[in-house]
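Bear in mind that the values here come from a model prediction, so they are computed numbers and not experimental data.
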Amino acid sequence: MNLRQINLLWEEYKKKYDINSDIQISAVKYDTERYVEGCFNLLELMDGKYILHLNKNMHLYNDNYAKFILFHEFTHFYDFIKCPYEEQEKLFMWMNAYSEYHACKVTLARFIEMFTLTEVHLDKIQLPGPYKEISIRRLLVESFYRTKICFDQFFSTFQLNDFANGFRQLMYLFGYLSLFKNDEDMVKTTLTALNFDDECFMKLYQALKDMDFDQVLDNYKEISDIAVLIYIRASFRKYYSRELLPDEEINNITLDNYRDYIEELDRKKLEHEGQAQAEN
């Protein structure tokens, strides 16, 4: 699929969703990582380079699945164009939270409406896959397990990249679930299965549905701060012995005071090392 064909589909997307914009995709490159079907690089977009990156296997996919991918990426492109925030930090949060939710909601909704049904059967309705069709239930199950794997990995190794991947997968799942009548119950069940009972996730979901963008960013920051604090406390446990930092003291570490703890603990560590050398 060449650039001209991509932009023809972009025009179809704009017409369907009544988008008034003359911006065109400037290039298409088949260079994504193996398991990434498509993406826009946010730094390139901010630099005025509207390059769509696609998987090199795109030409092997059936037309419906290729369109499924493209409409997802077009939604990200649209969200970037229409982002209400100019600050870089808020732009990144907007794209990582709302746009991921929005892209999945738009894409799944488009294919459900093709069937002109008033009710959706999770098992019987088939959606386009790369090589064969899949059910909506399978789409939801696979999305859930990708989310769970990422978060389980985060709580195992405490790498923030795993949390970021899990959060993105959760936004995908939120986007899909928002299309169903019993969506709130489905979201609550999902969060319980993920061991996330924190109310801030439900507040985030409601803000996404309400398109309350300031609240979306506030909830995103709250959740991200929790993840960073978990990472920091795990790092303290890794680098400082229980003699220097008892387990019960770790919970007193916050995002506001952790630098003070580092300074004090490093001082204690040097003192202990000096005493050990003197004794030897």
- Item | Other residues, nucleotides, ligands: >12 heavy atoms within 6.0 Å of Y239 OH | no

- Side-chain contact, heavy-atom cut-off 4.5 Å: M171 with L208? yes

- Message: Against Y85, only a single residue in Q88, E87, E89 fulfils side chain to side chain contact (heavy atoms under 4.5 Å, CB included); can you say which?
- Response: E87

- Item | Electrostatic pair K15-E11, nearest N-O below 4.0 angstrom | no

- Task: Could you walk me through whether K49 and D47 pass salt bridge (charged side-chain N to carboxylate O under 4.0 Å, His left out), step by step?
- Result: CA-CA 6 Å; K49 300 173 183 176; D47 198 32; 3.5 Å; yes

- Item | Side-chain touch Y240/Y261, heavy atoms, less than 4.5 angstrom | no

- Item | D212 backbone acceptor or donor facing D210 side chain under 3.5 Å | no

- Please work out whether the ring planes of F158 and F154 are parallel, tilted or perpendicular, with thresholds of 30° and 60°. perpendicular

- Query: Applying the ring pair (Phe, Tyr, Trp, His ring centres under 6.0 Å) test to F71, which of W10, Y13, F77 qualifies?
  - Reply: Y13

- Query: Ignoring hydrogens and geometry, is there a side-chain-to-backbone donor-acceptor pair from E263 to D260 under 3.5 Å?
  - Reply: no

- Item | Flag if over 12 foreign heavy atoms under 6.0 Å of CZ, F80 | yes

- Query: Can a donor-acceptor pair be found between the side chains of E100 and N96 at a distance below 3.5 Å?
  - Reply: no

- Task: Decide, yes or no, whether a salt bridge links E142 with R138 under the criterion of side-chain N to carboxylate O below 4.0 Å.
- Result: yes

- Side chains of H102 and T75: donor-acceptor distance under 3.5 Å anywhere? no

- May I ask you to say whether D218 pairs ionically with K203, meaning some side-chain N is under 4.0 Å from a carboxylate O? no

- Message: Does either side chain, that of Y35 or that of N55, offer a donor lying less than 3.5 Å from an acceptor on the other one?
- Response: no

- Do Q159 and D162 have side-chain N/O donor and acceptor atoms under 3.5 Å apart? no

- Would you say the ring centroid of F68 lies under 6.0 angstrom from that of F111? yes

- Would one find more than 12 heavy atoms of other residues, nucleotides or ligands at under 6.0 Å from atom NZ of K14? yes

- Ring-ring centroid check F163 F151, cutoff 6.0 Å: yes

- Message: Using side-chain hydrogen bond (donor to acceptor under 3.5 Å, both in side chains), reason through H53 and E73 one step at a time and then give a plain yes or no.
- Response: CA-CA 9 Å; H53 299 269; E73 298 309 324; over 6 Å; no

- Query: Above 12 or not: heavy atoms from other molecules or residues under 6.0 Å from CG of D63?
  - Reply: no

- Message: Apply salt bridge (charged side-chain N to carboxylate O under 4.0 Å, His left out) to residues K56 and D31 and explain how you reach the verdict.
- Response: CA-CA 6 Å; K56 64 181 180 180; D31 61 356; over 6 Å; no

- Message: Within the supplied structure, the quantity of interest is the number of heavy atoms (other residues, nucleotides, ligands) at a distance under 6.0 Å from Y145 OH; does it exceed 12?
- Response: no

- Message: For the backbone of Y50 and the side chain of S26, can you confirm whether one donor and one acceptor N or O come within less than 3.5 Å of each other?
- Response: yes

- Task: Could you give me the CA-CA distance, side-chain angles and deciding distance for N165 and Q169, then say whether side-chain hydrogen bond (donor to acceptor under 3.5 Å, both in side chains) is met?
- Result: CA-CA 6 Å; N165 289 334; Q169 295 295 335; over 6 Å; no

- Message: Walk me through whether Y220 and F167 qualify under ring pair (Phe, Tyr, Trp, His ring centres under 6.0 Å).
- Response: CA-CA 9 Å; Y220 179 30; F167 184 87; 4.7 Å; yes

- Task: Step through it carefully: locate the ring centre of Y205, locate the ring centre of F174, and say whether they are under 6.0 Å apart.
- Result: yes

- Message: Quiz question: by atom type and distance under 3.5 Å, do the side chains of E37 and Y65 form a donor-acceptor pair?
- Response: yes

- Message: So that I can tick it off, tell me whether K67 and E12 are bridged by a salt bridge, with the cut-off set at under 4.0 angstrom between side-chain N and carboxylate O.
- Response: yes

- Item | Side chain to side chain, M1 and L9, heavy atoms closer than 4.5 Å | yes

